[in-house]
Number of protein chains: 2
Amino acid sequence: MSNVKALPLLEPEGPDAVAPCCPPLSERPFTAEEAERTARMFKALGDPVRLRLFSAVASHEGGEACVCDISDVGVSQPTVSHHLKKLKEAGLLTSERRGTWVYYRVEPSVVAAMGQLLAVR
Amino acid sequence: MSNVKALPLLEPEGPDAVAPCCPPLSERPFTAEEAERTARMFKALGDPVRLRLFSAVASHEGGEACVCDISDVGVSQPTVSHHLKKLKEAGLLTSERRGTWVYYRVEPSVVAAMGQLLAVR
DNA sequence: ACCTTGGTTCGACGTGTGTCAACATAGACG
DNA sequence: CGTCTATGTTGACACACGTCGAACCAAGGT
């Protein structure tokens with residue numbers, strides 16, 4: 001079972017579970033490379049529509065939601081698909097087709113890593 | 001000429017309350033308004049240069065840094081100023097002029113609030 | 001086969017954003 | 001005053017981004 005496949009933001013550096021992408025933001029100044037990687041995650045959540053979609057998936061029963069369940073965010077359906085793709089490329093969501101519907105779920109380790117970036121000293 | 005907008009993400013009420021902007025992303029689907037407000041914060045950190053500047057301030061000795069200390073991020077000085085302004089408008093940094101230099105420091109409550117948004121259920 | 005429903009991809013358009021050079025402003029100091 | 005240093009602002013430009021309609025793909029049902 002491929003629980004992790006080519007996440008563009010997580011280097012397979014440690015067998016650890018919490019995906020140590022980068023140290024907390026207040027530990028030391030980020031290098032250009034760290035910033036490049038990390039900014040992609042924040043940018044993915046930097047759009048209101050994407051934030052609503054992500055929140056809808058994250059809060060949905062069972063930890064997953066099909067597009068039909070969450071596509072009521074005020075934009076056209078192609079736009080929803082576009083944003084879900086962006087969230088997927090950022091490593092924040094994964095998708096799987098089961099029959100007629102496509103189900104999205106959050107990647108908990110990546111979200112946890114983002115939370116740790118913001119840990120207060 | 002004081003066009004200093006009120007912090008768009010924090011209501012000026014609690015002394016050191018943890019900025020009750022929004023519930024965790026996984027608690028319930030965000031409303032359009034919540035998403036609009038919160039996305040501004042994530043978007044501010046969604047640029048590599050801004051992320052480096054923010055990290056430089058956050059990790060600097062004494063919790064504050066003057067522009068001259070952190071402006072070595074590979075872009076021109078006006079661009080640095082522009083990004084610092086963006087971070088300030090997002091409520092993530094505050095600035096204060098002391099004599100010749102301008103010092104920036106992080107707004108801990110806002111960062112803490114962002115961390116809580118990503119709290120895993 | 002055909003059609004219907006769910007989702008993605010494509011092509012285009014308008015807006016937003018990052019960047020710089022040039023200029024402007026604010027103190028410090030003589 | 002004038003001048004130097006440290007930051008901020010303005011204007012302009014190229015590029016990225018969000019959005020939509022139309023076309024396309026994937027499964028199921030009839």
Side-chain angles (χ1 to χ4, degrees), chain A residues 8 30 32 35-54 56-57 60 64-90 92-105, chain B residues 1-5 8 30 32 35-57 60 64-90 92-105:
Chain A
F30 265 28
E36 200 79 43
R37 239 182 314 162
T38 310
R40 255 174 290 180
M41 297 191 290
F42 284 109
K43 185 191 267 186
L45 293 182
D47 178 89
V49 175
R50 279 198 294 269
L51 207 46
R52 290 187 72 184
L53 289 171
F54 183 83
V57 172
H60 202 264
E64 67 178 11
C66 90
V67 181
C68 56
D69 288 329
I70 59 176
S71 56
D72 187 19
V73 287
V75 295
S76 71
Q77 210 258 338
T79 302
V80 168
S81 191
H82 164 72
H83 284 306
L84 288 172
K85 186 180 182 181
K86 285 290 192 79
L87 288 167
K88 213 167 96 179
E89 287 172 355
L92 295 171
L93 292 181
T94 59
S95 70
E96 178 196 1
R97 168 158 230 138
R98 288 206 297 275
T100 305
W101 296 278
V102 176
Y103 291 89
Y104 282 81
R105 58 171 57 241
Chain B
M1 212 188 286
S2 64
N3 55 351
V4 182
K5 317 165 137 185
F30 265 29
E36 200 79 42
R37 237 182 316 161
T38 310
R40 256 175 288 181
M41 298 190 290
F42 284 109
K43 185 192 269 185
L45 293 181
D47 178 88
V49 174
R50 280 198 294 271
L51 206 47
R52 289 187 72 185
L53 289 171
F54 183 83
S55 174
V57 172
H60 201 265
E64 67 178 11
C66 90
V67 181
C68 57
D69 289 329
I70 59 176
S71 55
D72 187 21
V73 287
V75 294
S76 70
Q77 184 268 329
T79 302
V80 169
S81 190
H82 164 73
H83 284 306
L84 287 172
K85 185 181 182 182
K86 285 290 192 80
L87 287 167
K88 213 168 94 178
E89 288 173 355
L92 295 170
L93 292 181
T94 60
S95 70
E96 179 196 1
R97 168 158 230 141
R98 288 205 297 275
T100 305
W101 296 277
V102 176
Y103 292 87
Y104 282 82
R105 60 170 56 240

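Quick note on labels: first sequence line is chain A, next is B, and so on, each numbered from 1.
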What distance do K43(B) atom NZ and L51(A) atom CG have between them, rounded to the nearest 0.5 Å? 11.5 Å
With sugar-phosphate meaning primed atoms plus P, OP1 and OP2, does V80(A) contact a base, only sugar-phosphate, or nothing at under 4.0 Å between heavy atoms? nothing
Separation of L87(B) atom CG from dT17(C) atom C1', in whole Å? 14 Å
For C66(A) and D69(A), what are the C-alpha separation, side-chain angles and deciding distance, and is it a side chain to side chain contact (heavy atoms under 4.5 Å, CB included)? CA-CA 5 Å; C66(A) 90; D69(A) 288 329; 3.7 Å; yes
Without decimals, in angstroms, what is the distance between D47(A) CG and dG16(C) C1'? 12 Å
What stems involve DNA chain C, if each pair must be Watson-Crick or G-U and both of its distances must be under 3.5 Å, with 3 or more such pairs in a row? C:1-30 with D:1-30
Quickly work out the L51(A) CG to dC17(D) P distance and round it to whole Å. 18 Å
Pairing residues for R105(A) by the salt bridge (Lys or Arg N to Asp or Glu O under 4.0 Å) criterion, not counting sequence neighbours: E64(A)
Where L53(B) and I70(B) come nearest, the two heavy atoms and their spacing: CD2-O, 3.5 Å
Atom-to-atom span, CH2 of W101(A) to P of dT4(C) - whole angstrom: 18 Å
Taking side chain to side chain donor-acceptor pair (under 3.5 Å) as the test, write out the residues that go with R52(A), two or more places apart. none
Side chain of V67(B) - closest among dG18(D), dG6(C), dT7(D): dT7(D)
Heavy atoms under 4.0 Å, any strand shown: does Y103(B) hit a base, just sugar-phosphate, or nothing? nothing
What is the distance from CG of L53(A) to C1' of dT19(D), rounded to the nearest Å? 14 Å
Reckon Y104(A) has a side-chain N or O less than 4.0 Å from the OP1 or OP2 of dT8(C)? yes
Does R50(B) place a side-chain N or O at less than 4.0 Å from the phosphate oxygens OP1/OP2 of dT17(C)? no
Check H83(B) against V49(B) and note the closest heavy-atom contact, atom names and distance. CD2-CG1, 3.5 Å
Give each protein N/O atom lying under 3.5 Å from an N/O atom of nucleotides 25-30 of chain D, with the pair distance.
none

To the nearest 0.5 Å, atom OG1 of T100(A) lies from atom CZ of R97(A) at 7.5 Å
Please list, by residue number, the residues of residues 70-78 of chain B whose heavy atoms come closer than 4.0 Å to an atom of DNA chain C; answer none if no residue qualifies. V75(B), S76(B), P78(B)
Could you pull out the closest heavy-atom pair between A90(B) and A44(B), with the gap in Å? CB-CB, 3.5 Å
Would you kindly give the NZ-to-P distance between K86(A) and dA16(D), to the nearest whole Å? 11 Å
Minimum heavy-atom distance between F42(B) and L45(A), given as atom pair plus value: CB-O, 3.5 Å
So, is K85(B) near the phosphate of dT7(D), with a side-chain N or O under 4.0 Å from OP1 or OP2? no
Heavy atoms only, 4.0 Å cut-off, all strands: where does H83(B) land among base, sugar-phosphate and nothing? sugar-phosphate
Does a side-chain N or O from K43(A) land closer than 4.0 Å to OP1 or OP2 of dA16(D), or not? no
Verify the contact: side-chain N or O of T79(A) to OP1 or OP2 of dG18(D), cut-off strictly under 4.0 Å; return yes or no. no
Smallest heavy-atom separation, K88(A) atom then T94(A) atom, equals CG-CA, 4.3 Å
Would you please name every residue forming a side chain to side chain donor-acceptor pair (under 3.5 Å) with S71(A), sequence neighbours left out? none
Distance check needed: dC13(D) P versus H82(B) NE2, whole Å only. 18 Å
Nucleotide nearest S81(B) when distance is taken to its side chain, options dG8(D), dG18(C), dG7(C): dG8(D)
Gap separating the CG atom of L87(A) from the NZ atom of K85(A), nearest 0.5 angstrom: 12.5 Å
Between Y104(A) and S95(A), the two heavy atoms sitting closest are CE2-CB, 3.5 Å
Starting from C1' on dT8(C), measure out to CG on L93(A) and report it in whole angstrom. 16 Å
